[in-house]
Novice: 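What follows is a structure written as structure tokens; I'll ask about it next.
Along the sequence shown, residues carry numbers from 1. Quick caveat, the model's predicted, so the values are computed rather than measured.
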Amino acid sequence: MSCSLRPVGRAHRAPLERLTRATGLFREDEVATAVELLDDSLAGDDDYRFVGAFERDTLIGYACWGPTPGTEGTWDLYWIAVDPARQGQGVGTQLLVDVERRVLADGGRLIVVETSSRADYAPTRGFYERRGYTRAAIIPGYYAPGDDLVIYTKERTDGDLARAAS
Ligand SMILES: CC(C)(COP(=O)(O)OP(=O)(O)OC[C@H]1O[C@@H](n2cnc3c(N)ncnc32)[C@H](O)[C@@H]1OP(=O)(O)O)[C@@H](O)C(=O)NCCC(=O)NCCS
């Protein structure tokens with residue numbers, strides 16, 4: 001499916017909140033955090049960057065990422081979400097590839113993604129694994145008893161650098 005990738009503006013604040021909630025995966029405090037990060041980003045905080053996927057003017061997905069404080073070239077992918085009605089059509093991949101391209105352009109070396117071990121996150125873990133992310137660490141019981149933190153990473157390769165230079 002073809003969509004355009006553009007910045008997420010103030011007008012998309014409510015749609016972003018609705019979309020995040022509609023995935024059914026995030027708790028209300030997590031939904032609120034996504035909106036707060038957008039507010040920080042719109043207020044000029046460069047630690048949080050957003051890109052949206054749009055079908056005409058409708059926000060159908062977004063990603064939020066930024067440089068990890070206190071590191072050299074490590075970047076966090078904080079958030080990626082696609083409207084449930086549009087999932088499985090390549091929108092998430094387009095967003096992820098765009099974030100990776102921007103991180104590389106900004107001299108990034110390592111991308112870190114945190115997710116959950118819960119069964120309802122299995123498609124999400126598969127999504128990262130099939131796109132070259134390696135399960136780097138697990139913290140058992142991090143989110144809740146029986147709900148582990150799973151940390152995925154993807155490292156810049158020489159091939160990435162050659163492509164970026166050409
Ligand atoms: C994970 C997510 C961003 C992927 O976006 P997407 O647009 O569905 O991704 P794509 O269409 O590019 O790729 C779909 C792939 O992800 C998997 N997938 C993950 N969740 C899926 C879903 N709900 N429906 C269909 N496919 C899903 C598919 O198995 C498919 O894998 P494959 O292409 O390697 O066979 C999206 O499913 C989503 O918003 N999920 C809920 C929120 C979430 O988990 N965010 C990450 C938090 S850590």
Novice: Are D98 and R102 side-chain neighbours, meaning at least one heavy-atom pair lies under 4.5 Å?
Specialist: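 They are in side-chain contact.
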
Novice: If you define the side chain from C-beta out and look only at heavy atoms, does anything of L77 sit under 4.5 Å from E114?
Specialist: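 No; the side chains remain at least 4.5 Å from each other.
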
Novice: When you check the gap from the basic side-chain N to the acidic O, do R13 and D39 get nearer than 4.0 Å?
Specialist: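 Salt bridge: yes.
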
Novice: Taking atom OH of Y152 and atom OG1 of T134, what is their separation to the nearest 0.5 Å?
Specialist: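 The OH atom of Y152 sits 9.5 Å away from the OG1 atom of T134.
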
Novice: So if you build clusters from Ile, Leu, Val, Met, Phe, Trp, Tyr with side-chain heavy-atom gaps below 4.5 Å, do L149 and V112 land together?
Specialist: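 Yes, L149 and V112 fall within the same hydrophobic cluster.
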
Novice: So, do V31 and R18 sit near enough that their side-chain heavy atoms are less than 4.5 Å apart?
Specialist: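 The answer is no, as the side chains (C-beta and beyond) never meet within the 4.5 Å cut-off.
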
Novice: Can you confirm whether the side chains of R131 and T93 place a donor and an acceptor under 3.5 Å from each other?
Specialist: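 Checked: R131/T93 side chains pair up, N/O donor to acceptor below 3.5 Å.
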
Novice: Do the non-hydrogen side-chain atoms of P67 and D47 ever get within less than 4.5 Å of each other?
Specialist: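 When only atoms from C-beta onward are counted, D47 and P67 do touch, with a gap below 4.5 Å.
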
Novice: Tell me, with the steps shown, if E129 and R135 meet salt bridge (Lys or Arg N to Asp or Glu O under 4.0 Å).
Specialist: CA-CA 8 Å; E129 285 165 14; R135 195 178 282 225; 3.2 Å; yes

Novice: Report whether V150 and Y142 are members of the same hydrophobic cluster (ILVMFWY, side-chain heavy atoms less than 4.5 Å apart, transitive linking).
Specialist: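 Different clusters.
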
Novice: Where is the tightest heavy-atom contact between A81 and T23, given as atom of each residue plus distance?
Specialist: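 That closest heavy-atom pairing would be CB-CG2, 4.1 Å.
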
Novice: Given 3.5 Å as the limit, does a donor-acceptor pair link the side chain of D106 with the main chain of V103, or not?
Specialist: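 Pair absent, no side-chain N/O of D106 close to backbone of V103.
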
Novice: E100 and R156: salt bridge (Lys or Arg N to Asp or Glu O under 4.0 Å), yes or no, with the steps?
Specialist: CA-CA 9 Å; E100 290 174 357; R156 181 182 65 196; over 6 Å; no

Novice: Would you give the length of the straight line joining atom OH of Y133 to atom CD1 of I151, rounded to the nearest 0.5 angstrom?
Specialist: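 Separation between the atoms: 14.5 Å.
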
Novice: What distance separates L95 CG from L5 CG, expressed to the nearest 0.5 Å?
Specialist: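 Between L95 CG and L5 CG, I get 5.5 Å after rounding to 0.5 Å.
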
Novice: For the atom pair CG (D45) and CG (D40), what is the distance rounded to the nearest 0.5 Å?
Specialist: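 Nearest 0.5 Å value for the CG-CG distance: 5.5 Å.
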
Novice: Report yes or no: do Y62 and F26 belong to one cluster of Ile/Leu/Val/Met/Phe/Trp/Tyr joined by side chain heavy-atom distances under 4.5 Å?
Specialist: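 Yes, Y62 connects to F26 through the hydrophobic network.
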
Novice: Nearest 0.5 Å please: distance from the CH2 atom of W79 over to the OH atom of Y48.
Specialist: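 Those atoms lie 10.5 Å apart.
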
Novice: Can you see which heavy atom on L25 is nearest to which on E30, and at what distance?
Specialist: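 Nearest pair, atom of L25 first, then E30: O-OE1, 4.2 Å.
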
Novice: Between R125 (side chain) and R118 (backbone), is there a donor-acceptor pair under 3.5 Å?
Specialist: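 Between the backbone of R118 and the side chain of R125 there is a qualifying donor-acceptor contact (under 3.5 Å).
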
Novice: Considering all heavy atoms of both residues, which atom of S117 and which atom of G146 are nearest to each other, and what is their separation?
Specialist: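 Closest pair (atom of S117, atom of G146, distance): OG-O, 3.9 Å.
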
Novice: Compute the centroid of each ring, for H12 and then for F54, and state whether the two points are separated by less than 6.0 Å.
Specialist: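 Here the rings of F54 and H12 have centres that are less than 6.0 Å from each other.
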
Novice: Under 6.0 Å from the CG atom of D120, do we count more than 12 heavy atoms belonging to anything else shown?
Specialist: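 For D120, atom CG is crowded (more than 12 foreign heavy atoms under 6.0 Å).
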
Novice: Going by atom types only, do T58 and R56 share a side-chain donor-acceptor pair under 3.5 Å?
Specialist: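 Checked: T58/R56 side chains show no N/O donor-acceptor pair below 3.5 Å.
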
Novice: Kindly give the heavy-atom pair with the smallest separation between L59 and L19, and that separation in Å.
Specialist: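 Taking every non-hydrogen atom into account, O-CD1, 3.5 Å.
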
Novice: Heavy-atom distance under 4.5 Å between the side chains of Y128 and V113, does that happen here?
Specialist: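 Counting from C-beta outward, Y128 and V113 do come under 4.5 Å.
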
Novice: Who pairs with S116 by side-chain hydrogen bond (donor to acceptor under 3.5 Å, both in side chains), at least two apart in sequence or on another chain?
Specialist: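 Only D147 meet the side-chain hydrogen bond (donor to acceptor under 3.5 Å, both in side chains) criterion with S116.
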
Novice: Could you check whether any side-chain N or O of D148 sits under 3.5 Å from a backbone N or O of G141, counting only pairs where one atom can act as donor and the other as acceptor?
Specialist: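 Yes: the side chain of D148 pairs with the backbone of G141.
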
Novice: So which atom in I80 and which in L96 form the shortest heavy-atom distance, rounded to 0.1 Å?
Specialist: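 Heavy-atom minimum between the residues: CD1-N, 4.1 Å.
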
Novice: Less than 3.5 Å apart, any donor N or O on the side chain of R49 or S41 sitting next to an acceptor on the other?
Specialist: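 No - no donor-acceptor pair under 3.5 Å links their side chains.
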
Novice: Tell me whether E155 is salt-bridged to R109, with the criterion being a basic N under 4.0 Å from an acidic carboxylate O.
Specialist: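 No.
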
Novice: Between W65 and Y78, does a side chain to side chain donor-acceptor pair (under 3.5 Å) hold up when you go through it step by step?
Specialist: CA-CA 5 Å; W65 77 103; Y78 293 113; over 6 Å; no

Novice: Yes or no on side-chain contact (heavy atoms from CB on, under 4.5 Å) for V35 and L38, after CA distance, side-chain angles and deciding distance?
Specialist: CA-CA 5 Å; V35 177; L38 177 65; 5.5 Å; no

Novice: Under the 3.5 angstrom rule, does the side chain of T68 hit a backbone N or O of T71 as a donor-acceptor pair?
Specialist: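 Such a contact is absent between T68 side chain and T71 backbone.
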
Novice: Drop me the distance from E17's CD to E28's CD, to the nearest 0.5 angstrom.
Specialist: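 CD of E28 is found 7.5 Å from CD of E17.
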
Novice: Does V91 offer a backbone N or O that forms a donor-acceptor pair with the side chain of R86 under 3.5 Å?
Specialist: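 No, because the side chain of R86 does not come within donor-acceptor range (under 3.5 Å) of the backbone of V91.
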
Novice: Can F50 and L37 be said to form a side-chain contact (heavy atoms from CB on, under 4.5 Å), step by step?
Specialist: CA-CA 9 Å; F50 278 78; L37 296 187; 3.9 Å; yes

